[in-house]
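Note: hydrogens, waters and symmetry copies are ignored here, and every other heavy atom, side chains too, is used. What you are looking at is a predicted structure, and each value in this text was computed from that prediction instead of being measured.
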Amino acid sequence: MNIQEKKRAIIDKINQSNSDDFISRIYYDIIRDKTWDETEEGKDLILKLLDKSSKEIREDKKESFFDVVNEAKEKYGLK
């Protein structure tokens with residue numbers, strides 16, 4: 001799918017949508033200047049993941065930080 005087809009698909013979805021939440025999410029994604037890890041929610045998530053990771057290391061359950069972050073990205077659909 002080329003860029004014009006992607007634009008058309010987004011416009012069609014917006015035109016067909018009656019969900020304010022859906023349109024707001026698209027709008028937010030377009031105008032935001034920060035990546036997810038620069039937002040307050042992202043920073044909070046990273047701190048929680050670091051805390052979880054530290055706790056698991058103390059309990060001798062080892063999983064790399066990057067595995068935990070990638071798991072969270074996949075779970076929450078983050079970029």
Side-chain angles (χ1 to χ4, degrees):
M1 181 179 276
N2 67 33
I3 190 75
Q4 291 300 337
E5 291 168 330
K6 289 177 184 177
K7 286 182 193 178
R8 176 56 38 207
I10 291 169
I11 291 168
D12 289 344
K13 285 284 187 184
I14 291 171
N15 286 334
Q16 294 169 7
S17 177
N18 59 1
S19 168
D20 185 52
D21 181 53
F22 173 75
I23 294 169
S24 294
R25 278 188 286 136
I26 290 175
Y27 178 75
Y28 174 74
D29 285 345
I30 291 169
I31 64 163
R32 81 174 145 178
D33 294 331
K34 298 179 180 180
T35 59
W36 73 270
D37 59 334
E38 294 174 327
T39 64
E40 289 306 313
E41 295 85 5
K43 290 176 185 176
D44 186 47
L45 178 60
I46 289 171
L47 289 175
K48 287 178 183 177
L49 291 172
L50 286 171
D51 184 50
K52 176 184 176 190
S53 186
S54 297
K55 206 178 286 184
E56 288 176 349
I57 288 171
R58 283 192 300 272
E59 296 170 359
D60 206 28
K61 298 177 187 175
K62 295 185 180 168
E63 187 175 0
S64 78
F65 172 74
F66 294 107
D67 290 341
V68 174
V69 170
N70 289 334
E71 182 181 314
K73 284 181 181 179
E74 184 177 310
K75 182 176 179 179
Y76 297 106
L78 303 170
K79 295 179 184 179

* Step through the shown structure and confirm whether more than 12 heavy atoms of other residues, nucleotides or ligands are within 6.0 Å of CZ on Phe22. => yes
* To do: Show the numbers, then the answer: is there a side-chain contact (heavy atoms from CB on, under 4.5 Å) between Ile10 and Lys7?
  => CA-CA 5 Å; Ile10 291 169; Lys7 286 182 193 178; 5.9 Å; no
* Asked: Any sub-3.5 Å donor-acceptor pair from Glu5's side-chain atoms to Asn2's backbone N or O?
  -> yes
* Answer yes or no: is there a donor N or O on one side and an acceptor on the other, between the side chain of Ser53 and the main chain of Leu49, under 3.5 Å? => no
* Ile23 reachable from Ile11 in the ILVMFWY side-chain graph, under 4.5 Å edges -> no
* **Interatomic spacing from CG in Asp51 to CD1 in Ile46 - rounded to 0.5 Å** => 13.5 Å
* Is the CD atom of Glu74 crowded by more than 12 outside heavy atoms at less than 6.0 Å? -> no
* Asked: For the hydrophobic clusters of this structure (ILVMFWY residues joined by side-chain heavy atoms under 4.5 Å, transitively), does one cluster hold both Tyr76 and Ile26?
  -> no
* Find the distance between CG (Asp20) and CZ (Arg25) and round it off to the nearest 0.5 Å. => 11.0 Å
* same_hphob_cluster(Phe66, Leu45) at 4.5 Å side-chain heavy-atom cutoff -> yes
* Can you tell me how far the CG atom of Asp21 sits from the OG atom of Ser24, to the nearest 0.5 Å? -> 6.5 Å
